[in-house]
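Heads up, the thing below is written out as structure tokens.
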There are 2 protein chains.
Amino acid sequence: MTARTSTETARDIPEATVARLPVYLRALTTLLDEGTTTCSSEDLAGAAGVNSAKLRKDLSYLGSYGTRGVGYDVEYLHFQIAREIGVTHDWPVVIVGIGNLGHALANFSGFRSRGFRVVALLDADPSRHEEQVAGIDVRPFADLGEIVREHGVAIGVIATPAAAAQDVTDAMVASGITSILNFAPAVLAVPPGVDVRKVDLSIELQILAYHEQRKAQGDPADPSEPAEAPEEATA
Amino acid sequence: MTARTSTETARDIPEATVARLPVYLRALTTLLDEGTTTCSSEDLAGAAGVNSAKLRKDLSYLGSYGTRGVGYDVEYLHFQIAREIGVTHDWPVVIVGIGNLGHALANFSGFRSRGFRVVALLDADPSRHEEQVAGIDVRPFADLGEIVREHGVAIGVIATPAAAAQDVTDAMVASGITSILNFAPAVLAVPPGVDVRKVDLSIELQILAYHEQRKAQGDPADPSEPAEAPEEATA
DNA sequence: AGGAGTTTGTGAACGTGAGAACAAAACCGA
DNA sequence: TCGGTTTTGTTCTCACGTTCACAAACTCCT
């Protein structure tokens with residue numbers, strides 16, 4: 001372990017590790033619910049569907065939270081990862097675009113339990129402003145700035161059609177949002193310092209289709225397709 | 001370019017490239033709609049939000065479809081990528097779990113236009129079997145095998161709660177499905193030869209939260225956060 | 001107290017991906 | 001026909017991520 005200047009956490013965790021920490025967190029939550037108090041890296045790796053060596057290396061970036069010969073304390077490790085990710089308190093989030101997807105997102109119960117709180121639903125269509133979705137009023141898109149200021153929102157979710165996505169992005173950035181989760185099938189331009197993550201159903205399906213095609217056309221009995229990720233069971 | 005044994009496409013395209021091909025395909029569709037007939041790697045890279053060198057290298061895995069000094073024929077390249085991915089014809093798809101998310105997926109218009117066709121909506125809850133969603137009947141989960149056989153379905157989408165995901169997976173695999181897109185927050189166990197891709201809203205948000213926390217706590221004026229992916233505009 | 005058995009944390013080897021740079025190949029104008 | 005210009009396809013190098021393998025450190029049993 002490299003020298004730590006203060007009592008704070010270590011810096012520069014690899015991006016690939018950051019992407020797995022939420023998976024570990026969820027696996028730990030499951031273990032907690034089952035009443036498990038201690039687990040080995042092998043146990044947790046199995047529950048998270050990864051290699052145990054990779055899991056240990058990932059956790060080592062956070063610090064030495066395990067005990068050799070014993071394993072990890074489930075509750076303690078859960079807290080440490082939650083703290084590292086920053087979900088020990090809830091993050092306020094706004095959702096823009098209350099179509100089919102926006103409805104589903106607004107109703108998504110996992111928000112609250114996983115460190116997020118929807119503070120506003122926004123839509124440009126005035127005919128929707130009467131609605132209430134998941135107990136939250138749908139408000140005019142023009143209110144974005146006010147809402148962001150009022151609640152200190154840093155994270156925005158875009159669930160609009162592609163054509164509107166860039167305009168929504170620009171307005172979000174202007175109002176002070178610095179992290180965007182984009183469900184619209186469009187490439188967004190953002191200034192430095194703003195993070196964008198993209199979730200795209202069509203792309204995921206097309207990646208599957210590519211592999212599916214390979215399986216079919218390669219050979220009826222295909223030799224070279226050992227399952228992209230042979231995972232272990234959890235739920 | 002390495003020797004090609006037959007007239008078929010080259011083998012073993014890197015996974016990272018496969019994941020970007022759908023992005024290029026979409027960018028090309030946009031260019032087609034705009035009436036553009038030819039584009040340079042720089043143009044297309046801009047529209048897709050990637051480095052032009054990376055784009056050229058990606059395309060080189062498919063073959064030499066460009067012309068030096070000129071660029072790429074938009075329509076021709078679009079077809080070649082579509083063929084490589086395997087979306088020149090529609091893939092039949094089943095969706096299991098018609099909750100909020102299932103509804104949104106069933107209504108998603110991008111399916112049809114991007115090489116997929118929803119042939120069935122399945123739900124275990126009998127009270128939903130009267131419903132029609134997006135013009136498609138909701139059918140009992142028990143009909144899965146029959147539907148898969150009848151339509152030759154290879155791709156399944158899981159939009160159930162986490163607790164049901166593994167059972168649904170097992171039934172899908174048993175019925176002959178070999179590619180699964182999983183929206184449930186659970187790690188799925190599948191036999192070799194079956195591909196699983198996972199889409200997880202909570203994980204994406206938590207990754208954003210991590211970076212957001214770093215921006216905030218690091219320093220008010222943060223030196224080391226040059227925007228994860230400074231993308232170019234398209235839509 | 002001491003040795004056997006476990007399990008973590010990490011150093012080192014390996015594989016994959018990204019980006020710079022350039023040669024090869026096309027077009028264009030004289 | 002020939003040189004200049006443009007743009008692709010490819011090679012090379014570097015950085016990142018994964019996996020192996022093992023020393024360090026802890027528990028348990030005698």
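Side chains are part of it too, since the values below use all heavy atoms of this structure and drop only hydrogens, waters and symmetry mates. A note on names: the letters A, B, ... follow the listed sequences, proteins ahead of strands, and every chain is numbered from 1.
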Considering only heavy atoms from C-beta outward, does the side chain of [X] approach that of [Y] to under 4.5 Å?
| X | Y | result |
| --- | --- | --- |
| B/Val199 | A/Leu201 | no |
| B/Ile177 | B/Val194 | no |
| B/Tyr72 | B/Asp43 | no |
| A/Leu31 | A/Leu44 | yes |

Between B/His89 and B/Trp91, what is the ring plane arrangement, given parallel below 30°, perpendicular above 60°, and tilted in between? tilted
Counting only N and O atoms by type, is there a donor-acceptor contact under 3.5 Å from the side chain of A/Lys215 to the main-chain atoms of B/Gly193? yes
Separation of [N] [atom2] from [X] [atom1] (nearest whole Å):
| X | N | atom1 | atom2 | answer |
| --- | --- | --- | --- | --- |
| B/Asp58 | C/dG17 | CG | P | 10 Å |
| B/Leu62 | D/dG9 | CG | C1' | 13 Å |
| A/Tyr65 | C/dT10 | OH | P | 12 Å |
| B/Asp12 | C/dG17 | CG | C1' | 14 Å |
| B/Asp73 | D/dT8 | CG | P | 13 Å |
| A/Gln80 | C/dT8 | CD | P | 17 Å |
| B/Leu59 | C/dG17 | CG | C1' | 16 Å |
| A/Lys54 | C/dG15 | NZ | C1' | 13 Å |

Just to confirm, is there a sub-4.0 Å distance from OP1 or OP2 of [N] to any side-chain nitrogen or oxygen of [X]?
| X | N | result |
| --- | --- | --- |
| B/Asn51 | C/dA20 | yes |
| B/Tyr72 | D/dG9 | yes |
| A/Tyr61 | D/dG17 | no |
| B/Ser41 | D/dT7 | no |

Winner on side-chain proximity to A/Ser60, out of D/dT18, C/dG17, C/dT10, is C/dT10
So does A/Lys57 reach the base of D/dT19 with its side chain, donor to acceptor, closer than 3.5 Å? yes
For B/Gln80, the option from B/His78, B/Arg83, B/Glu84 that meets side chain to side chain donor-acceptor pair (under 3.5 Å): B/Arg83
Classify every nucleotide of nucleotides 21-30 of chain D by which part a protein heavy atom approaches to under 4.0 Å, writing B for the base, S for the sugar-phosphate alone and - for neither, in 5'-to-3' order. B--BBBS---
